[in-house]
Amino acid sequence: MNEPPSIGDRKDEHVRYATEQHRRGFAGNDFDRVNFLHHALAGIDRADVDLTCEVAGMRWPAPLYINGMTGGSSRTGSINRRLAVAAAETGLPIGSGSMSAYLRDESVADTYLALRQENPRGIVMANVNAATPVDEVRRAVDLLEADAVQIHLNSVQEIVMPEGDRDFSGWPRQIEAVATRIDVPVIVKEVGFGLSAKTIALLRDLGVAVADVGGRGGTDFARIENKRRAGEDFDFLAGWGQSTPCCLLDAAPLHGIDIIASGGIRSALDTARALALGARATGVAGAFLTILLDRGPDALITAIRGWLDQLTSIMTVLGARTPQDLTRADLAITGDVAQFCRAMGIRPTAYGRRSVAPCTEQHAGPRSAAPPEYVATALDTPTGRR
Ligand SMILES: Cc1cc2nc3c(=O)[nH]c(=O)nc-3n(C[C@H](O)[C@H](O)[C@H](O)COP(=O)(O)O)c2cc1C
């Protein structure tokens, strides 16, 4: 029987296949179906735009972060070092890749530590899987002196991954233990298949501070893991899950948890669209990694600075002084995204004139209350807590 690949080998393969996807490009995504209505007299003075935002009580300099990707091998350690330089130069918060490799073998600590060494004053997030016990989450946070911890939910990836986990039954209980006992904010994220409103409501009830919807539209880990397998073909799972705009629309009525968005964010315009759909900040993974590997760290720094500059310009035209102001911008929601809304009982048309029809229902999102089944699920949590 063949030995399963080491975690380090797997991390190298993820980088290779993810960048291949980004180099090949994507034939559009659901953000193309969410467009701002142009109001020609809405413009403001660009000098009045302030990009700062608040996530779980942390002040972030802009609503953009470098999402968790890698570490665990010498190649990915060098990638982390260069990503951290870009984070330090631009002020963006940065996530680590999953730290399971470090938790099993301390000799790879340096491949993660680079994130803090190159970025001593920046906002750094540790990253663990949803089965990680509280003590080990603390070790991961301590290593990076992390400001927050990301817990990734990736059942679809694990199922397709030849050496992946098959038992997800303990995840809710473990997440609750971490959320209630770790003293930095806990962010739960998907890795590109999306969080439903039902899942986000459950996470909130488990004590989680932030949900990163991590939707479909960019890096596709079903495809990546399918390439890594020799046996049965899981090709049919490519494209599984909800896109990032659909996740945000689904989650709009939820309160009591901060929502941020990643998955298929390609430009400053996608950031603005996600903020308009209620995200407090947006994360980018594969696109930034590909710029770094193809063109180097200086190009990534230039790209991030350009992104923030363009976001400021878009907000100026839309009359939004703060990211929060974008949640009142009018949006035309069309095509597959409008179809999704209709299938889920969300009124996409309510977004079209929300700047001039500020009724409570539209401010809260066009579906004013979470459907009753979300409450039922929360009651079903392992501890019965709500
Ligand atoms: C090479 C690579 C490795 C990744 N590894 C992790 C990981 O270890 N933990 C995690 O939470 N997400 C991981 N992700 C997922 C990203 O954080 C993100 O959720 C996903 O790629 C979708 O965002 P994107 O479309 O901007 O790439 C990885 C992404 C890439 C590209």
Side-chain angles (χ1 to χ4, degrees), residues 7-23 25-26 29-31 64-73 75-77 79-80 83 92-103 108 111-112 115 125-132 140 148-158 161 164 186-195 210-225 227-228 239-245 247 260-267 270-271 274 279 281-293 303-304 307:
I7 299 186
D9 290 345
R10 178 164 80 233
K11 297 298 162 185
D12 289 347
E13 288 176 23
H14 286 168
V15 167
R16 188 173 124 220
Y17 291 130
T19 47
E20 267 178 32
Q21 281 184 2
H22 283 266
R23 282 183 199 117
F26 301 91
N29 73 22
D30 274 357
F31 278 109
L64 185 64
Y65 55 98
I66 303 174
N67 216 346
M69 282 185 271
T70 207
S73 68
R75 170 147 200 255
T76 56
I79 291 173
N80 269 346
L83 286 173
L92 294 200
I94 183 169
S96 160
S98 170
M99 296 175 72
S100 323
Y102 161 71
L103 296 172
V108 298
T111 68
Y112 298 97
L115 291 169
M125 300 175 274
N127 185 302
V128 295
N129 66 45
T132 312
V149 60
Q150 296 180 319
I151 299 177
H152 60 265
L153 303 185
N154 65 338
S155 55
V156 179
Q157 179 188 7
E158 295 288 343
M161 187 191 298
V186 172
I187 300 170
V188 173
K189 69 186 283 284
E190 242 292 351
V191 300
F193 303 99
L195 295 178
V210 185
D212 177 344
V213 299
R216 170 169 56 76
T219 309
D220 183 338
F221 269 94
R223 279 213 168 92
I224 290 176
E225 297 300 348
K227 284 209 158 211
R228 297 183 59 245
W240 179 275
Q242 292 90 266
S243 69
T244 301
C247 291
I260 59 177
S262 66
I265 309 265
R266 304 159 297 180
S267 64
D270 287 349
T271 290
T282 59
V284 181
F288 283 170
L289 177 67
T290 309
I291 294 173
L292 178 77
L293 294 186
I304 291 170
W307 191 300

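Order of listing sets the numbers, starting from 1, for every ligand and every atom in it.
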Exercise. Which atoms of ligand 1 have any heavy atom of Asn127 under 4.0 Å away?
Worked result: 9 (N), 10 (C), 11 (O)

Exercise. Ser262 and Asn67: side-chain donor and acceptor closer than 3.5 Å?
Worked result: yes

Exercise. If you measure every N/O of Ser96 against every N/O of ligand 1, is any gap under 3.5 Å?
Worked result: no

Exercise. Can you find an N or O of Gly286 that's nearer than 3.5 Å to an N or O of ligand 1?
Worked result: yes

For this session: Answer yes or no: does an N/O atom from Phe221 fall short of 3.5 Å to an N/O atom of ligand 1?
Result: no

For this session: Before signing off on this row, confirm whether Ala285 and ligand 1 have an N or O atom pair separated by under 3.5 Å.
Result: yes

For this session: Give the atoms of ligand 1, by number and element, whose distance to some non-hydrogen atom of Gly218 is under 4.0 Å.
Result: 25 (O)

Exercise. Do Trp307 and Ser267 get their side chains close enough for a donor-acceptor pair, meaning under 3.5 Å?
Worked result: no

Problem set entry | Polar contact flag for His14 and ligand 1 (N/O pairs, less than 3.5 Å) | no

For this session: Please verify whether a non-hydrogen atom of Gly214 lies at under 4.0 Å from ligand 1.
Result: no

Exercise. Between Gly283 and ligand 1, does any nitrogen or oxygen pair lie at a separation below 3.5 Å?
Worked result: no

For this session: Distance to 0.1 Å, residue and atom name: give those for the protein heavy atom nearest to atom 7 (C) of ligand 1.
Result: Ser98 N, 3.6 Å

For this session: Measure the CD-CD1 distance between Gln150 and Ile260 for me, rounded to the nearest 0.5 Å.
Result: 7.0 Å

For this session: Taking Thr70 for its side chain and Thr76 for its backbone only, find out whether a donor-acceptor pair lies under 3.5 Å.
Result: no

Problem set entry | Gly192 N/O to ligand 1 N/O under 3.5 Å | no

Problem set entry | Whether Thr70 lies under 4.0 Å from ligand 1, heavy atom | no

Problem set entry | Residue Glu190 vicinity, atoms of ligand 1 by number, heavy atom under 4.0 Å | 19 (O)

Problem set entry | Ser262, any N or O under 3.5 Å of ligand 1 N or O | no

Problem set entry | Side-chain ion pair, Arg228 and Glu225, N-O less than 4.0 Å | yes

For this session: Work out whether the distance between some heavy atom of Ala287 and some atom of ligand 1 is less than 4.0 Å.
Result: no

Exercise. Can you list the ligand 1 atoms lying under 4.0 Å from a non-hydrogen atom of Gly263?
Worked result: 22 (C), 23 (O), 25 (O)

Exercise. Short N/O distance, under 3.5 Å, between Thr219 and ligand 1?
Worked result: yes

Exercise. When rounded to the nearest 0.5 angstrom, what distance separates CG in Asp212 from NE2 in His152?
Worked result: 13.0 Å

